[in-house]
Amino acid sequence: MTGRILCSFIALALSACASNQNPPQSANSAPATETRPAPKPLSMAEEKTPQRGIVQIDDKIRKACGIADEDAYFAFDSSHLTRDDHGVLQKVAKCFESGPLKGHNMSLIGHADARGDSDYNMVLGGSRADTVKGFMVAQGVHRTAVATTSRGALDANGTDETSWAKDRRVDIMLKN
């Protein structure tokens with residue numbers, strides 16, 4: 001009898017451990033914040049390393065605006081730009097507001113790495129694109145000249161922290 005109770009207890013404990021995972025999100029439910037680990041604070045040495053995502057600027061824009069290979073970064077599970085990220089984005093904004101691309105439109109495409117729920121990643125990519133749009137508009141670019149969209153993790157192909165960082169980005173494209 002004691003052996004049967006012990007076996008039942010072990011089976012129950014194992015099934016509880018197996019069901020300790022987060023339930024899948026339905027299409028209509030908001031992603032739970034606890035499904036993603038909180039980002040650890042970055043040290044100064046890690047602040048501008050490949051461990052963070054980037055804003056990728058279309059070659060046509062970089063050439064027209066005279067922008068070098070500078071990056072703006074997104075931390076894991078974040079859509080916030082830091083003060084250090086503003087430099088290259090200010091150059092893009094100035095180019096569209098009063099420079100060679102004045103009167104042209106841009107498209108901002110937000111991306112995420114594949115580690116979260118697909119709905120969550122789609123929202124996070126959109127939030128990143130919206131953050132960059134808000135910055136551009138604050139710099140004087142007309143709101144209607146900036147379109148945003150999200151690809152979430154649809155184009156993600158990272159397998160480790162360095163390659164996941166490349167998936168966390170906003171692509172800035174010249175819109176026809």
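- By the 4.5 Å heavy-atom criterion applied to side chains, Met106 and Val92 are counted as neighbours.
- Sequence neighbours left out, not one pair with a member in residues 126-176 passes disulfide (SG to SG under 2.5 Å).
- Between the CG atom of Asn121 and the CG atom of Asp167 there is a distance of 9.5 Å, given to the nearest 0.5 Å.
- Separation of atoms CG (Asp113) and CG (Leu124) is listed at 8.0 Å; rounding is to 0.5 Å.
- Every pair passing ring-ring contact (aromatic ring centres under 6.0 Å, His included) that includes a residue from residues 128-155 is listed here, sequence neighbours excluded: His86-Phe135.
- A distance of 13.0 Å separates CZ of Arg169 from CD1 of Ile57, quoted to the nearest 0.5 Å.
- Val146 places a side-chain heavy atom less than 4.5 Å from the side chain of Leu108.
- His104 places a side-chain heavy atom less than 4.5 Å from the side chain of Leu174.
- The existence of a salt bridge linking Arg115 and Glu161 is confirmed by a sub-4.0 Å separation between a basic side-chain nitrogen and an acidic carboxylate oxygen.
- Residues Leu89 and Met136 are in side-chain contact: their nearest non-hydrogen atoms beyond the backbone lie under 4.5 Å apart.
- In this structure, Asn105 and Phe96 have side chains that are not in contact, with every pair of non-hydrogen atoms separated by 4.5 Å or more.
- Clustering ILVMFWY residues whenever any of their side-chain heavy atoms sit less than 4.5 angstrom apart, transitively, puts Val141 in the very cluster that holds Val88.
- The distance from atom SG of Cys95 to atom NZ of Lys91, rounded to the nearest 0.5 Å, is 11.5 Å.
- Inter-residue side-chain proximity for His111 and Gln56 is flagged as unmet; no heavy-atom pair is nearer than 4.5 Å.
- In this structure, Val137 is not a member of the same hydrophobic cluster as Ile172, with clusters built from ILVMFWY side-chain heavy atoms closer than 4.5 Å.
- Side-chain contact of Ser127 with Asp130: a donor-acceptor pair under 3.5 Å is absent, judged by distance alone.
- Met173 is linked by a side-chain contact (heavy atoms from CB on, under 4.5 Å) to Asp58, Ser107, Ile109, Asp171, counting only residues two or more places apart in sequence or in another chain.
- Taking OG from Ser78 and CZ from Arg168, the interatomic distance works out to 9.5 Å, rounded to the nearest 0.5 Å.
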